[in-house]
Amino acid sequence: MEVEENENINNGPVENAWAMKIPKFTPDDNPHGLIEESKFATLFPKYREQYLKECWPLVQKVLKDHHIIADLDLIEGSLTVKTTRKTWDPYIIIKARDFMKLLSRSVPFEQAVRVLEDEIGCDIIKINSYVNKKETFLKRRQRLIGPNGVTLKSIELLTECYVLVQGNTVSAVGPYKGLVQVRRIIEDTMKNIHPMYNIKSLMIKRELLKDPRLKNESWDRFLPKFKSKNVPRKQPKNKVKKKPYTPFPPPQPESKIDKELATGEYFLKDEQKRAKHRYEKEEKQMQAKKTKEEERKKGFIPPAESITKQNSGEESTVDINKFKAKMKKVSKQNKTLNKKV
């Protein structure tokens with residue numbers, strides 16, 4: 001009866017798959033060990049050599065507990081992990097391979113060793129394939145990190161994952177639910193959607209989960225919506241106009257011999273050709289000399305004077321009587337002024 005009840009519970013619908021507890025895999029589940037040997041090798045860059053030398057005894061100690069052998073080849077620059085006859089967990093070799101990958105990608109030992117736990121995984125996301133131009137790629141990668149690494153730190157706090165952005169990849173270590181969220185945020189950021197939209201939605205979802213009344217309702221009205229804007233971009237100054245398409249290839253340019261045949265110069269003797277070139281050269285020099293002389297003479301040419309038309313006596317219509325009366329008046333005023341003085 002107890003077995004039947006357990007089967008009914010397991011076969012029923014699951015509301016939250018992330019909340020399910022997976023039973024641990026113990027040595028008693030596989031007492032005979034592994035039959036075949038599995039082996040994985042990972043290359044590492046030269047600048048990681050010093051760090052790997054320092055932490056390698058710790059790496060060997062951790063993997064020894066799981067009966068995995070680890071080798072560090074400094075000549076080839078590779079990290080190798082392989083199983084032994086005592087290894088009882090068949091999936092631990094995959095975990096050990098991911099552990100080596102993270103160490104080679106500049107993830108510190110303290111964070112990389114968490115991959116060996118059952119409920120912790122890792123994800124290495126390539127971000128260089130989303131953008132073609134290097135400038136836009138660098139801008140979006142910097143947007144993911146944020147000023148002084150604030151954006152990256154907020155992603156780590158919300159997803160409970162360790163995230164490292166380096167080069168063309170992003171390495172993440174943490175629970176599987178958090179890894180899904182990290183991948184979505186990174187992919188959206190590289191597709192020109194600001195990470196703040198995803199960060200805000202994660203914060204709102206965390207608060208909504210606390211309210212049991214909103215359990216069966218849609219949360220779309222609470223979540224922020226991204227609106228794509230067509231920002232006017234800088235247009236190039238010199239636009240190249242496309243020529244109309246023609247299926248025929250362009251005509252072959254004329255060679256020097258073809259030009260000489262067209263002008264008749266090809267049939268001239270060497271002396272005649274030299275004389276012709278000399279004559280053309282002298283003509284060019286004479287033309288240049290003339291233009292220079294004209295430019296020099298421009299400074300000596302006087303500017304054109306503006307001629308004012310003076311009205312002749314015949315055309316003027318002055319009243320003589322009025323003029324005499326005006327002069328008498330002026331003379332009287334002068335006499336009175338002289339007397340006063």
Side-chain angles (χ1 to χ4, degrees), residues 18 38-52 55-56 58-59 62-63 66 68 70-73 76-83 89-132 134 136-146 149 151-193 195 198-199 202:
W18 297 110
S38 299
K39 184 179 178 182
F40 288 104
T42 308
L43 297 172
F44 64 89
K46 185 74 176 174
Y47 63 84
R48 290 291 290 170
E49 188 177 320
Q50 188 63 33
Y51 181 79
L52 289 169
C55 71
W56 196 247
L58 295 168
V59 173
V62 168
L63 292 174
H66 298 280
I68 298 285
D71 292 326
L72 173 65
D73 192 344
E76 260 186 37
S78 64
L79 306 170
T80 311
V81 284
K82 55 185 177 181
T83 57
D89 188 355
Y91 194 70
I92 196 67
I93 188 64
I94 304 296
K95 292 271 189 181
R97 179 200 65 183
D98 294 342
F99 181 33
M100 295 297 111
K101 276 186 181 180
L102 292 169
L103 285 173
S104 65
R105 288 181 180 273
S106 301
V107 177
F109 170 78
E110 293 80 10
Q111 296 293 340
V113 77
R114 290 172 61 205
V115 186
L116 299 173
E117 297 173 21
D118 285 341
E119 293 178 359
I120 302 294
C122 78
D123 194 3
I124 295 163
I125 306 152
K126 288 187 178 181
I127 55 174
N128 60 336
S129 59
Y130 290 96
V131 186
N132 294 326
K134 192 178 180 181
T136 51
F137 167 72
L138 292 171
K139 281 180 183 177
R140 289 178 192 179
R141 190 180 67 177
Q142 187 58 40
R143 193 186 293 165
L144 183 66
I145 297 163
T151 310
L152 200 67
K153 191 70 183 172
S154 60
I155 291 166
E156 287 180 353
L157 290 168
L158 287 165
T159 58
E160 298 176 0
C161 294
Y162 172 80
V163 185
L164 178 73
V165 181
Q166 188 179 23
N168 297 329
T169 56
V170 178
S171 304
V173 184
Y176 290 101
K177 187 182 179 181
L179 292 174
V180 173
Q181 292 168 347
V182 168
R183 179 172 271 275
R184 191 187 297 121
I185 292 166
I186 289 160
E187 285 179 355
D188 286 351
T189 306
M190 297 313 291
K191 289 174 183 175
N192 204 18
I193 298 170
N198 287 309
I199 289 165
L202 285 173

With a 3.5 Å cut-off and no angle check, do the side chains of Gln181 and Thr159 form a donor-acceptor pair?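 Judged by distance alone, the side chains do not pair up.
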Is there a donor-acceptor pair closer than 3.5 Å between any side-chain N or O of [X] and the backbone N or O of [Y]?
| X | Y | answer |
| --- | --- | --- |
| Arg141 | Gly167 | yes |
| Lys46 | Gly77 | no |
| Thr83 | Ser38 | yes |
| Tyr51 | Phe109 | yes |
| Arg140 | Met190 | yes |
| Glu156 | Val163 | yes |
| Lys126 | Asn168 | no |

Heavy-atom pair of closest approach, residues [X] and [Y]:
| X | Y | value |
| --- | --- | --- |
| Arg105 | Gln166 | O-OE1, 3.5 Å |
| Gly146 | Thr151 | CA-OG1, 3.3 Å |
| Asp71 | Trp56 | C-CZ2, 3.4 Å |
| Leu179 | Gly121 | CD1-C, 3.5 Å |
| Ser78 | Phe44 | N-CE2, 3.2 Å |
| Gly174 | Cys161 | CA-SG, 3.7 Å |

Pairwise side-chain contact, [X] with [Y], heavy-atom cut-off 4.5 Å (strictly under):
| X | Y | result |
| --- | --- | --- |
| Ile120 | Pro175 | yes |
| Ser104 | Leu43 | no |
| Val59 | Phe99 | yes |
| Ile199 | Ile155 | yes |
| Met100 | Leu63 | yes |
| Leu164 | Val170 | no |
| Thr80 | Asp73 | no |
| Leu52 | Leu79 | yes |

Gap separating the [atom1] atom of [X] from the [atom2] atom of [Y], nearest 0.5 angstrom:
| X | Y | atom1 | atom2 | answer |
| --- | --- | --- | --- | --- |
| Asn198 | Arg184 | CG | CZ | 7.5 Å |
| Arg48 | Cys55 | CZ | SG | 7.0 Å |
| Arg183 | Ile124 | CZ | CD1 | 10.0 Å |
| Ile68 | Leu116 | CD1 | CG | 9.0 Å |
| Thr136 | Asn192 | OG1 | CG | 9.0 Å |
| Tyr130 | Glu187 | OH | CD | 3.5 Å |

So does Glu76 have more than 12 non-hydrogen atoms from other groups sitting under 6.0 Å from CD?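 Atom CD in Glu76 is not crowded, with 12 or fewer foreign heavy atoms closer than 6.0 Å.
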Should we count CD of Gln142 as having more than 12 external heavy atoms under 6.0 Å?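 Count over threshold, so yes.
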If we check side chain to side chain contact (heavy atoms under 4.5 Å, CB included) with Phe40, which of these qualifies: Lys101, Lys82, Arg97?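 With Phe40 as partner, side chain to side chain contact (heavy atoms under 4.5 Å, CB included) holds for just one option, Arg97.
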